[in-house]
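Every value quoted in this text rests on a predicted model; they were computed, and no experiment measured them. Chain letters run A, B, ... following the sequence lines, proteins first, then strands; residues in each count from 1.
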There are 4 protein chains.
Amino acid sequence: MSYTLAVSPLLMPMLSDKDAVQLCSADAELAAILKFEIELAYAQEAAGVVPIGTAKAVAVACAHVELSGPEFEAALATDGVVVPAIVAALKTAVGPAVAHHVHAQATSQDAVDTAFMMRAAAVVAFIRQHIAASHETLLQLDTKFGARSLMGRTRMQRALAITVADRLNAWQQGLAAADAALEHLHFPLQLSGAVGTQDNHAVKTHMAAALELSVLSHTWQTNRAPMLAIGNACAGLTGALGKVGADIALMAQNELAEITLRGGGASSAMPHKQNPVKAEMLVALARYNASLLSALHNAAVHEQERSGAAWTLEWLVLPQMLCATAGAGRLCHDLLACVESIGQ
Amino acid sequence: MSYTLAVSPLLMPMLSDKDAVQLCSADAELAAILKFEIELAYAQEAAGVVPIGTAKAVAVACAHVELSGPEFEAALATDGVVVPAIVAALKTAVGPAVAHHVHAQATSQDAVDTAFMMRAAAVVAFIRQHIAASHETLLQLDTKFGARSLMGRTRMQRALAITVADRLNAWQQGLAAADAALEHLHFPLQLSGAVGTQDNHAVKTHMAAALELSVLSHTWQTNRAPMLAIGNACAGLTGALGKVGADIALMAQNELAEITLRGGGASSAMPHKQNPVKAEMLVALARYNASLLSALHNAAVHEQERSGAAWTLEWLVLPQMLCATAGAGRLCHDLLACVESIGQ
Amino acid sequence: MSYTLAVSPLLMPMLSDKDAVQLCSADAELAAILKFEIELAYAQEAAGVVPIGTAKAVAVACAHVELSGPEFEAALATDGVVVPAIVAALKTAVGPAVAHHVHAQATSQDAVDTAFMMRAAAVVAFIRQHIAASHETLLQLDTKFGARSLMGRTRMQRALAITVADRLNAWQQGLAAADAALEHLHFPLQLSGAVGTQDNHAVKTHMAAALELSVLSHTWQTNRAPMLAIGNACAGLTGALGKVGADIALMAQNELAEITLRGGGASSAMPHKQNPVKAEMLVALARYNASLLSALHNAAVHEQERSGAAWTLEWLVLPQMLCATAGAGRLCHDLLACVESIGQ
Amino acid sequence: MSYTLAVSPLLMPMLSDKDAVQLCSADAELAAILKFEIELAYAQEAAGVVPIGTAKAVAVACAHVELSGPEFEAALATDGVVVPAIVAALKTAVGPAVAHHVHAQATSQDAVDTAFMMRAAAVVAFIRQHIAASHETLLQLDTKFGARSLMGRTRMQRALAITVADRLNAWQQGLAAADAALEHLHFPLQLSGAVGTQDNHAVKTHMAAALELSVLSHTWQTNRAPMLAIGNACAGLTGALGKVGADIALMAQNELAEITLRGGGASSAMPHKQNPVKAEMLVALARYNASLLSALHNAAVHEQERSGAAWTLEWLVLPQMLCATAGAGRLCHDLLACVESIGQ
């Protein structure tokens with residue numbers, strides 16, 4: 001399979017995060033959709049919606065189905081969503097007797113939204129690990145340098161002396177508030193059928209347990225609040241990390257010299273320089289997510305029972321926001337780990 | 001006093017909300033800042049920080065202080081924030097013996113952030129009243145028309161028949177999710193002094209109770225999570241209302257005729273037309289807030305102990321978001337109240 | 001008339017510009033629409049579309065028409081655009097014989113778009129005066145301080161020494177590029193009728209000359225390129241001015257002391273401070289316009305022959321961008337005029 | 001070399017464009033930077049800045065240099081820009097005698113900005129080919145269906161009858177205006193040295209000719225007007241194409257049936273449906289670019305002689321905008337080519 005047409009700037013490994021990018025890849029999306037189809041069949045077996053044996057047949061088909069090639073790509077391009085081509089392939093694979101039990105009562109959006117939530121939950125867990133690591137490093141910096149003096153600065157001017165602990169504490173509070181928002185996110189199963197009216201509580205509960213997702217009492221096919229909450233929380237974190245980056249870039253100015261960093265970046269013209277590259281990247285990622293968030297909120301205007309335009313916009317934005325946020329989380333920890341000294 | 005230099009497009013009364021606009025006006029901001037100074041003095045009296053009698057003197061001064069004129073405006077323009085000029089005027093008014101107890105231990109940001117939260121809480125209460133009114137009207141529409149048939153549409157194409165209740169329910173779920181976010185907002189007091197390090201729990205608790213605000217354990221002078229939460233919740237609601245507007249504009253198309261509205265707008269060239277003006281405005285306000293939200297998240301990159309640039313950006317954005325959201329809330333209710341018939 | 005429901009933060013006089021705000025006011029919009037109706041009638045008289053005497057009757061009616069009161073406001077709220085109510089009032093005023101010649105062949109969008117362009121042209125002229133003033137001041141600063149040394153800084157680190165002239169030149173280049181974009185703007189007349197298909201070249205040419213607007217060969221009722229160009233140019237200038245502001249705020253840091261400013265802002269808690277308020281405001285306005293620009297480009301998706309949603313969004317955004325840009329232009333000149341010294 | 005960590009949603013091949021993505025890939029960027037170094041050396045030879053033979057040595061080194069591996073990636077991550085690692089590799093390859101002539105007088109930004117412009121010019125040429133193809137198809141549609149009647153619609157309501165030619169013409173005008181903006185773009189060479197003060201007109205002229213770029217009289221290292229112009233033009237086109245997409249999705253509604261499309265997308269739950277997938281994608285890409293444009297304008301606030309934060313933000317945004325625009329250009333042509341009938 002080869003869906004590698006994505007823009008891949010040289011610095012993507014820096015600005016993003018390997019684990020997050022893997023979870024947001026085309027391969028991971030296909031795998032998650034297949035898992036959706038398998039667990040749907042198991043849950044529907046348990047509820048008596050499809051005959052016993054269906055799930056096993058679907059699982060076997062999923063293990064062998066070939067989701068690539070020109071025909072597959074053409075179907076994808078025509079349908080604007082991958083699920084019809086997958087379902088068609090699975091139906092062929094399981095044979096005519098089982099075919100009509102595959103993807104029963106479900107629609108493309110059920111599979112795609114659920115497959116996204118499965119992976120979003122995993123990315124958010126990674127992001128929270130990065131925050132925890134930064135938290136740990138901030139505690140260590142506080143132990144080492146917290147009692148030192150630092151000039152408090154407001155509106156870019158010297159104000160009153162504070163301690164290093166005060167500044168570290170401000171960073172920590174920002175991270176903690178953003179982490180709390182991430183912690184309170186819920187990642188619901190979507191399973192509402194062609195026009196959002198299908199409801200089978202038993203199937204949903206069984207399936208959500210298997211996929212470690214939550215269950216909402218109503219369809220959220222057009223109520224994108226769960227998606228917005230993820231985007232809001234991502235932008236909340238990159239904003240808080242952008243503040244850390246902006247502060248460190250200012251502290252690292254030669255005349256202020258309030259911080260010493262190991263491993264600053266080189267310049268092609270001035271070998272003597274030590275650039276606070278990671279700090280600057282944190283600022284860039286904060287502003288990037290802030291703009292993507294406006295696109296995500298535009299995608300909340302989701303007309304009728306399903307908006308192809310709004311949904312496509314969501315796909316363009318939310319995986320990127322997760323990756324940028326995971327990247328910023330990792331960068332912040334890397335940056336804090338490079339601090340050799342703060343204050344005096 | 002005359003701070004009427006604001007852009008005032010003709011349709012502002014439609015696109016905004018009288019109560020919200022009043023609460024976001026310059027006069028309301030000045031009044032809230034004066035209230036901050038009075039309650040600060042009362043709380044500091046109770047905690048023994050300032051002598052008994054200070055608060056009364058400040059209150060008397062606030063009742064008579066003249067906050068206008070060229071000198072006042074010049075100070076405002078120079079300082080970039082109104083508090084220094086207010087404090088100077090109050091100090092003069094209370095006389096030299098009390099002057100140094102005015103605004104004790106506080107800084108401009110304490111007054112401005114708190115004065116904003118006092119009014120934001122009030123605007124959000126108005127917004128939630130509009131949501132409750134829409135909810136009520138949706139229930140009535142459901143009683144009258146819920147059992148009727150409506151064509152479910154996905155990707156702008158006829159899909160499967162649903163009921164009017166299904167569509168109304170989708171709107172209701174969107175409003176409920178947005179309302180829950182508004183309900184969970186907290187509006188904290190800011191009181192942290194010149195560089196965010198001042199902490200006097202007794203004063204904060206006393207003052208927050210008087211102003212009906214919450215208390216955070218730490219300063220949030222540079223951790224703008226409470227501001228972002230308000231903006232996120234506003235955009236969340238206008239997005240949900242934009243979905244209602246987009247749906248109604250589509251339903252009102254002549255060939256679909258899925259909805260009949262009373263009082264559509266006239267055209268200057270085609271008197272026969274009935275334009276779904278309020279529905280379109282809901283879409284416009286959703287996209288407006290979505291863009292403003294990106295500015296608000298950019299303002300989260302708040303360098304050092306206070307960023308004049310980020311803070312100013314917040315001022316440009318957040319009052320407007322509150323007014324646009326209140327306007328959309330009212331418009332939605334007005335629009336739903338104009339529905340004469342849905343479905344068939 | 002009282003359309004003062006607009007949000008009016010205390011600092012609006014600082015962040016905006018008196019002349020621009022006046023031109024973007026409701027009163028100015030009404031006056032421009034009346035002028036449109038008068039010049040339309042004169043041009044149609046000249047082309048023989050309406051009888052001689054129509055224009056005079058319209059002009060007399062415009063001089064006396066009362067565009068206010070609850071009835072007028074109710075019509076405005078219902079129609080979502082002011083023109084139908086104005087036209088109705090004018091038709092009544094001119095009497096039955098002339099009534100059907102008022103606003104002949106025109107539609108609301110013709111009047112509103114044209115009335116906007118009339119005022120946008122005037123605001124842009126003011127903006128360019130502010131740029132010219134800044135240019136003049138930059139030349140004076142160059143004469144006084146250009147030969148001095150300044151540390152060139154890249155990625156927030158000392159790089160190589162430059163001269164003050166180099167830095168001033170970078171600012172000047174940014175202003176010049178933005179000014180060129182403003183200079184090349186065109187402000188077209190809109191006159192295309194109910195569904196954009198009306199074309200009367202003679203009337204358009206005559207009218208455009210009277211209103212000092214340009215003529216496009218085709219309708220631009222749904223092709224919003226002229227609006228986007230204005231927004232792009234505004235954001236281009238505020239971005240260039242934001243760079244000046246960011247530089248000055250950095251230069252004014254106490255430890256760098258690369259610039260000395262007269263009249264920095266006071267702090268309510270720290271009287272010793274001199275805050276680079278205007279520099280910070282320039283940064284805030286740059287980011288504000290950047291976000292508004294995304295809303296404006298969203299408004300380019302203008303469905304069918306006229307989109308009420310997209311058009312309303314444009315109204316919410318573009319007047320503000322003009323005012324923010326004029327404000328930034330004035331602020332930059334004010335800020336540069338406060339420079340007492342640069343470099344060493 | 002493997003820089004495949006980019007997010008690659010399944011639909012990227014649809015939403016983007018193969019040629020544009022290839023030109024925005026890491027490999028293409030590396031190749032363009034190597035070409036910059038070679039042509040710099042040739043131009044400097046011609047101007048006598050470096051000895052004859054330097055360019056040949058650089059060219060040979062470029063042909064064989066290995067730009068990959070953990071060491072290279074580590075340098076990239078540390079420096080935050082790829083040029084120092086490339087220059088170091090080239091210096092090693094050419095040997096000590098030539099090493100100090102490699103990348104002489106240039107800085108990383110010269111190489112990166114120029115390498116971007118080389119590829120942006122090529123992507124814009126592809127985009128304009130897509131526009132020309134759409135233009136051609138619009139002419140054919142006009143020949144076939146132009147005389148047919150179509151209901152003109154304003155504010156989502158039937159207004160007055162127009163012809164199919166009128167609607168096609170509106171689309172064509174939008175494309176033409178956007179194409180004109182793309183045509184007038186210039187793609188300048190960047191060559192200004194470590195702090196933007198290096199100027200060697202002869203070298204610049206020679207090099208620009210070789211790379212088919214334009215020459216600006218001044219450095220644009222911090223004056224990002226050329227970058228903004230590209231972003232503005234991209235968003236201008238996707239906005240115009242989004243209007244086409246929005247119209248077609250509305251026209252394709254079953255009850256309106258104003259257009260018949262070949263090859264609409266399938267639904268996994270409703271095989272009878274024909275979804276206007278490409279039309280919806282055009283709307284999504286318009287809104288996507290609109291939001292990215294706000295990030296790009298935020299990146300115009302480029303502090304001092306080089307802002308790592310602003311520059312990184314530009315990298316995150318502008319290649320994507322080019323790819324999204326090229327994708328929209330191709331999609332529009334594909335969509336128009338699927339039109340079987342319009343109007344009646």
A/Ala194 portion near chain B, given a 4.5 angstrom heavy-atom threshold: both
Structural part of B/Met151 lying under 4.5 Å from a heavy atom of chain A: backbone
Over all atoms of both residues, closest heavy-atom pair of A/Val195 and B/Ala159: CG1-CB, 3.6 Å
Greatest number of heavy atom pairs closer than 4.5 Å to chain B - which of A/Leu282, A/Leu150, A/Ile162: A/Ile162
Donor-acceptor pairs between chain B and chain A under 3.5 Å, which ones?
| from | atom 1 | to | atom 2 | distance (Å) |
| --- | --- | --- | --- | --- |
| B/Arg153 | N | A/Glu305 | OE1 | 2.9 |
| B/Arg153 | O | A/Glu305 | N | 2.8 |
| B/Arg155 | N | A/Arg306 | O | 2.7 |
| B/Arg167 | NE | A/Glu305 | OE2 | 2.8 |
| B/Arg167 | NH2 | A/Glu305 | OE1 | 3.0 |
| B/Gln173 | O | A/Asn223 | ND2 | 3.4 |
| B/Gln173 | OE1 | A/His218 | ND1 | 3.2 |
| B/Gln173 | NE2 | A/His218 | ND1 | 3.3 |
| B/Gln173 | NE2 | A/His218 | NE2 | 3.3 |
| B/His218 | ND1 | A/Gln173 | OE1 | 3.1 |
| B/His218 | ND1 | A/Gln173 | NE2 | 3.3 |
| B/His218 | NE2 | A/Gln173 | NE2 | 3.2 |
| B/Asn223 | ND2 | A/Gln173 | O | 3.4 |
| B/Lys243 | NZ | A/His302 | O | 2.9 |
| B/Lys243 | NZ | A/Gln304 | O | 2.9 |
| B/Asp247 | OD1 | A/Gln304 | N | 2.5 |
| B/Arg287 | NH1 | A/Asn298 | O | 3.3 |
| B/Arg287 | NH1 | A/Asn298 | OD1 | 2.8 |
| B/Asn298 | O | A/Arg287 | NH1 | 3.3 |
| B/Asn298 | OD1 | A/Arg287 | NH1 | 2.8 |
| B/His302 | O | A/Lys243 | NZ | 2.9 |
| B/Gln304 | N | A/Asp247 | OD1 | 2.4 |
| B/Gln304 | O | A/Lys243 | NZ | 2.9 |
| B/Glu305 | N | A/Arg153 | O | 2.8 |
| B/Glu305 | OE1 | A/Arg153 | N | 2.9 |
| B/Glu305 | OE1 | A/Arg167 | NH2 | 3.0 |
| B/Glu305 | OE2 | A/Arg167 | NE | 2.7 |
| B/Arg306 | O | A/Arg155 | N | 2.7 |

Per-residue contact mode, B/Ala235 against chain A (heavy atom under 4.5 angstrom): both
Side chain, backbone, both or neither of B/Leu160 within contact of chain A (heavy atoms, under 4.5 Å): both
B/Ala286 portion near chain A, given a 4.5 angstrom heavy-atom threshold: side chain
A/Gly242 to B/Val301 - nearest heavy-atom pair and separation: O-CG1, 3.7 Å
